[in-house]
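This one's a predicted model, so the numbers in the text were calculated from it and none came from an experiment. The figures that follow rest on heavy atoms only: side chains count, while hydrogens, waters and symmetry mates do not. In what follows, chains are A, B, ... by sequence order, proteins preceding strands, each numbered from 1.
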Amino acid sequence: DAGVIQSPRHEVTEMGQEVTLRCKPISGHNSLFWYRQTMMRGLELLIYFNNNVPIDDSGMPEDRFSAKMPNASFSTLKIQPSEPRDSAVYFCASSPRGAGSHQETQYFGPGTRLLVL
Amino acid sequence: DQQVKQNSPSLSVQEGRISILNCDYTNSMFDYFLWYKKYPAEGPTFLISISSIKDKNEDGRFTVFLNKSAKHLSLHIVPSQPGDSAVYFCAAVDYGGSQGNLIFGKGTKLSVKP
């Protein structure tokens, strides 16, 4: 099993540019999560999907952030336009649980380190 | 306001000694807790968990203790090894509106010195 795959691993961009982060969850997992890690706020949940449907996006900071999961094996997190304060490490995680199950363990990808200049 | 708090940002321990990492939570409805370990440039990996029906769970060198009345849990690593040097995150499961998502503390960086 390859684990959760994220790309790119590193991204440097200029303020105002569009950034797209990609995630491939573990095959067979029903839930997918996007997190942001910063020194000030630690690990924050941005949005999570269950069976490809967005369930809770209350952690998405602004309308500049959007996430999609067109199928069970792919998700994107887009920032448009990007700002320097978006600089952080963005993690994708997946979990085998379906709605109502108690399998809470989440498996994290290696993260994308984003720097917005 | 943080619902899961790890008040020690860092901890340094000698190899072979015990490492104790602490975590406090504010929501008495939390009833399942997990510890994750994170190495630099990698994602967090699951380490050990505990349900609120227990007060202790042990897995090899790692033991998690839960004190529900104090809303406190701790992770003990005995004996500590240099390879244990990492950031440790405590997480609680929120079974509220978000259908059981994890709320993480900010982490404690453990350094185990040879």
Side-chain angles (χ1 to χ4, degrees), chain A residues 2-10 21 23-26 29-51 53-60 89-113, chain B residues 1-10 21 23-25 29-54 57 59 62 64 66 73 86-109:
Chain A
V4 175
I5 299 172
Q6 290 187 249
S7 65
R9 292 295 307 274
H10 302 272
L21 311 181
C23 176
K24 176 177 167 50
I26 294 173
H29 282 193
N30 295 319
S31 297
L32 182 141
F33 307 81
W34 282 101
Y35 289 89
R36 178 172 68 176
Q37 184 187 20
T38 61
M39 289 291 290
M40 289 296 293
R41 301 174 69 88
L43 265 172
E44 300 174 277
L45 178 66
L46 301 177
I47 185 171
Y48 102 89
F49 296 83
N50 186 259
N51 292 323
V53 176
I55 302 298
D56 182 358
D57 66 353
S58 59
M60 296 285 260
V89 182
Y90 291 82
F91 289 102
C92 175
S94 69
S95 168
R97 70 180 164 106
S101 80
H102 285 192
Q103 295 186 64
E104 309 306 342
T105 302
Q106 295 179 16
Y107 298 81
F108 283 76
T112 296
R113 185 174 294 274
Chain B
D1 187 27
Q2 272 205 296
Q3 296 189 70
V4 177
K5 299 178 183 179
Q6 294 177 255
N7 291 320
S8 298
S10 63
L21 297 102
C23 178
D24 297 292
Y25 60 96
M29 297 301 291
F30 291 157
D31 64 358
Y32 195 81
F33 304 89
L34 304 91
W35 284 92
Y36 279 77
K37 180 166 82 171
K38 184 184 178 305
Y39 292 117
E42 294 183 12
T45 55
F46 170 73
L47 186 59
I48 192 170
S49 63
I50 188 167
S51 166
S52 62
I53 62 174
K54 296 184 175 182
N57 188 25
D59 183 2
F62 302 90
V64 56
L66 176 62
L73 63 156
V87 177
Y88 290 79
F89 291 96
C90 169
V93 178
D94 177 11
Y95 285 111
S98 297
Q99 299 185 28
N101 290 321
L102 299 181
I103 299 177
F104 285 88
K106 288 190 176 181
T108 297
K109 184 176 182 180

### Structural part of R113(A) lying under 4.5 Å from a heavy atom of chain B
neither

### Message
What's the separation between atom CD1 in I103(B) and atom OH in Y25(B), rounded to the nearest 0.5 Å?
### Response
12.5 Å

### Query
Is chain A contacted by the side chain of Y39(B), its backbone, both, or neither, given a heavy-atom distance below 4.5 Å?
neither

### Query
Any idea how Y48(A) and F33(A) line up, ring-wise: parallel (<30°), tilted (30 to 60°), or perpendicular (>60°)?
parallel

### Query
Hey, does V93(B) have a side-chain heavy atom less than 4.5 Å from the side chain of L34(B)?
yes

#### Entry: Interface moiety of Q6(A) toward chain B, non-hydrogen atoms closer than 4.5 Å
neither

### Query
Can you name the closest pair of heavy atoms from R41(A) and E44(A) and give their distance?
NE-OE2, 2.5 Å

